[in-house]
Undergrad: 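Please read through the structure below; I'll follow up with questions.
Numbering of ligands and ligand atoms starts at 1, following listing order. Source: prediction; values computed, not measured.
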Amino acid sequence: MGKSLAQNIAGKGIRLSVYNRHITGKEEGIAEDFVSLHTQYTGLQGFDDISQFIDSLETPRSILLMVNAGPAVDQVIATLLPLLSAGDMIIDGGNSHYKDTERREVALRENGIYFLGVGISGGEEGALHGPSLMPGGSKKAYDNVGRYLESIAARDKNGRPCCTYVGPQGAGHFVKMTHNGIEYAEMQLLAEVYHLLRYYLGKSPEDISNIFEEWKIHGLNSYILEITIDILRTKEGGELLLDKILDAAEQKSTGGWTVEAAFELGTPLGAVSEAVMARFLSAEKEQRLKAVNVYSNGKQAAQQTASPNFADKLKKGYEAARIINHATGFLLLKKASERYSWNLSLSEIARIWTNGCIIRSALMEILVEVLMKETDILQHPNMVAMMSDRVEDIKTVVAEGLGAGHALPVLSASLNHFLGYTTGLSPANLIQAQRDYFGAHTYQRVDRPLTEHFHTQWK
Ligand SMILES: NC(=O)C1=CN([C@@H]2O[C@H](COP(=O)(O)OP(=O)(O)OC[C@H]3O[C@@H](n4cnc5c(N)ncnc54)[C@H](OP(=O)(O)O)[C@@H]3O)[C@@H](O)[C@H]2O)C=CC1
Ligand SMILES: O=C(CO)[C@H](O)[C@H](O)COP(=O)(O)O
């Protein structure tokens, strides 16, 4: 990411020094080598001596870190700090936890150093040609460097940069974390759809890539769909590369952090949560292989059993689940904004997610408008119409797919969310009664003001 961003920045004519640590015998002259490979950029200098690197910068200095989230960020900051002067700025472009960002911002402010936590999305390609940038921290700090960040960002459909000052404290990294949570669920949803097409409907990977191509043209365009089409067409030695990849998904941390944040803020996030759990379960490959020999889960191919036009229903069910995933993701942002007084603009966040980032999609373009009027996506009239037209299809897909023995954690979690959300009378009254029964936790009544709490001696 660092090298790609450096090329992007230098390509905009911005004078840039790059630094990589020196580890004798292992990593020597990395930054100098990078510079000598890119002589087309004037004003690009490389260093593996930190003092020389710092001396090469104009004051007040602006330093962008692209190192692994966690202790590495603290280590690099500790190395930089004695060399910096009041008014200098550090920008953390990695996937840092928003609470770490808040801690670092406070500590650096006490030393007179500005700190911005900038979520960056788009992978290597995005970093090189224009990522989506989610800066958070002090507004004054953003005012100093915002123009540089905006110059390297992707552009939205109106030519505006996919970069905006998101909010104070750790808001930028919170927004990036939520982006990644939505990303996890989007990836898992498409994996489930692919799985049903291949192993329930019996379609070949080539057929599936063609179906996805059709979906892309007809309203479902997204970066994740595009790369999946490419993946389904990639061969190695004449065979599909995908079939040679171990079915055990890895993850760093941002998906799990998003779920933790949902717990902290008390907001439902079933799709993302199930996407994280699905990766954990997939990683239990050894246990899964043992279980295959112990249990028959009655997995069936569709053959004659699939309902008519199942693939069309799958498309609409997938669209419904994506809307629900985005609705819960944006509700998490809304809850965080209220709890931490960040004043997040959900529509503006959707706008900077329309290009450059991993979850860019035709749906995101629609959500920019939707979120201007309604922070709960599922309450907007256009979304009500879309969901009403798709709810029977997602029900059919989940019922039929589960019935045929296929695990559909995110499709079913999305449907469950929707059915729970559209229920006027949930069974939570029984939960309240049970809590009061064993723990005297009290309950509110439908026939009394909600300010009153009641306890019953149940036995
Ligand atoms: N890859 C992606 O698509 C995306 C990544 N990110 C985030 O960006 C950050 C960087 O990711 P990425 O570029 O992929 O990771 P890489 O592993 O490619 O690069 C990490 C860099 O950090 C350096 N580093 C690690 N520890 C230290 C340390 N203690 N002191 C000094 N330097 C250190 C490494 O140096 P050395 O080479 O010397 O080991 C390396 O140059 C991460 O937070 C990641 O989550 C964000 C968006 C997308
Ligand atoms: O930030 C990113 C994209 O926006 C990273 O590519 C993403 O974090 C990958 O995460 P994981 O390794 O957990 O799947």
Undergrad: Name the closest protein heavy atom to atom 14 (O) of ligand 2, giving the residue it belongs to and the distance to 0.1 Å.
TA: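 Nearest neighbour among protein heavy atoms for atom 14 (O) of ligand 2, to 0.1 Å: Arg279 NH1, 2.8 Å.
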Undergrad: Side chain to side chain contact (heavy atoms under 4.5 Å, CB included) between Lys176 and Tyr98: does it pass, once the steps are laid out?
TA: CA-CA 9 Å; Lys176 175 66 201 311; Tyr98 67 100; over 6 Å; no
Undergrad: Has Lys315 got a side-chain atom pairing as donor or acceptor with His218's backbone, closer than 3.5 angstrom?
TA: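 Answer holds: yes.
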Undergrad: Of the protein's non-hydrogen atoms, which lies at the shortest distance from atom 10 (O) of ligand 2, and what is that distance?
TA: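 Scanning the protein heavy atoms, the shortest distance from atom 10 (O) of ligand 2 goes to Lys252 NZ, 4.0 Å.
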Undergrad: Tell me the protein heavy atom at minimum distance from atom 13 (O) of ligand 2, and give that distance in Å.
TA: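 Nearest protein contact, heavy atoms only, for atom 13 (O) of ligand 2 is Tyr184 OH, 2.5 Å.
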Undergrad: When you compare the side chain of Val166 with that of Pro135, does any pair of heavy atoms fall below 4.5 Å?
TA: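 In short, these two side chains touch, coming nearer than 4.5 Å.
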Undergrad: Against ligand 2, does Lys176 come closer than 4.0 Å with any heavy atom?
TA: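 Yes, Lys176 has heavy atoms under 4.0 Å from ligand 2.
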Undergrad: Please check whether Glu250 reaches ligand 2 - meaning an N/O of the residue sits under 3.5 Å from an N/O of the ligand, judged on distance alone.
TA: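 Min N/O separation from ligand 2 is not below 3.5 Å for Glu250.
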Undergrad: Just by distance, with hydrogens left out, do Arg233 and Asn210 show a side-chain donor and acceptor under 3.5 Å apart?
TA: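 Present: a donor and an acceptor within the cut-off.
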Undergrad: Write out the residue and atom name of the closest protein heavy atom to atom 8 (O) of ligand 2, then the distance separating them to 0.1 Å.
TA: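 Among all protein heavy atoms, the one nearest atom 8 (O) of ligand 2 is Asn180 ND2, 3.0 Å.
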Undergrad: In a table with atom names and distances, give each donor-acceptor pair under 3.5 Å that connects a side chain of residues 52-63 to protein atoms at least two apart or in another chain.
TA:
unit_1: Ser56; atom_1: OG; unit_2: Ser17; atom_2: OG; d: 2.7
unit_1: Ser56; atom_1: OG; unit_2: Phe53; atom_2: O; d: 2.6
unit_1: Arg61; atom_1: NE; unit_2: Ile54; atom_2: O; d: 3.3
unit_1: Arg61; atom_1: NH1; unit_2: Ser85; atom_2: OG; d: 3.3
unit_1: Arg61; atom_1: NH1; unit_2: Asp88; atom_2: OD2; d: 2.6

Undergrad: For ligand 1, would you mind listing the residues that have at least one heavy atom less than 4.0 Å away, ordered by chain and number?
TA: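 Residues near ligand 1: Met1, Asn20, Arg21, Glu27, Met66, Val67, Asn68, Ala69, Ala72, Gln75, Val76, Gly94, Asn95, Ile120, Gly123, Lys176.
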Undergrad: If we only count heavy atoms from C-beta on, is the Ile352 to Leu133 side-chain gap below 4.5 Å?
TA: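 Sidechains of Leu133 and Ile352: no contact.
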Undergrad: Taking the six-membered ring of Tyr184 as reference, does the cationic atom of Arg279 (NZ for Lys, CZ for Arg) lie under 6.0 Å from its centre and within 45° of its axis?
TA: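 Yes, cation above the ring, under 6.0 Å and within 45°.
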Undergrad: Indicate yes or no: does Arg103 engage Asp100 in a salt bridge with an N to O separation below 4.0 Å.
TA: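 Result for this pair is yes, salt bridge flagged.
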Undergrad: Under 4.0 Å from atom 6 (O) of ligand 2, is there any protein heavy atom?
TA: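 Looking at atom 6 (O) of ligand 2, one finds that no protein heavy atom lies closer than 4.0 Å.
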Undergrad: What residue and heavy atom of the protein are closest to atom 3 (C) of ligand 2, and at what distance?
TA: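 That would be Glu183 OE1, 3.4 Å.
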Undergrad: Side chain, backbone, both or neither: which applies to Met1 and ligand 2 if a contact is any heavy-atom pair less than 4.0 Å apart?
TA: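 Neither part.
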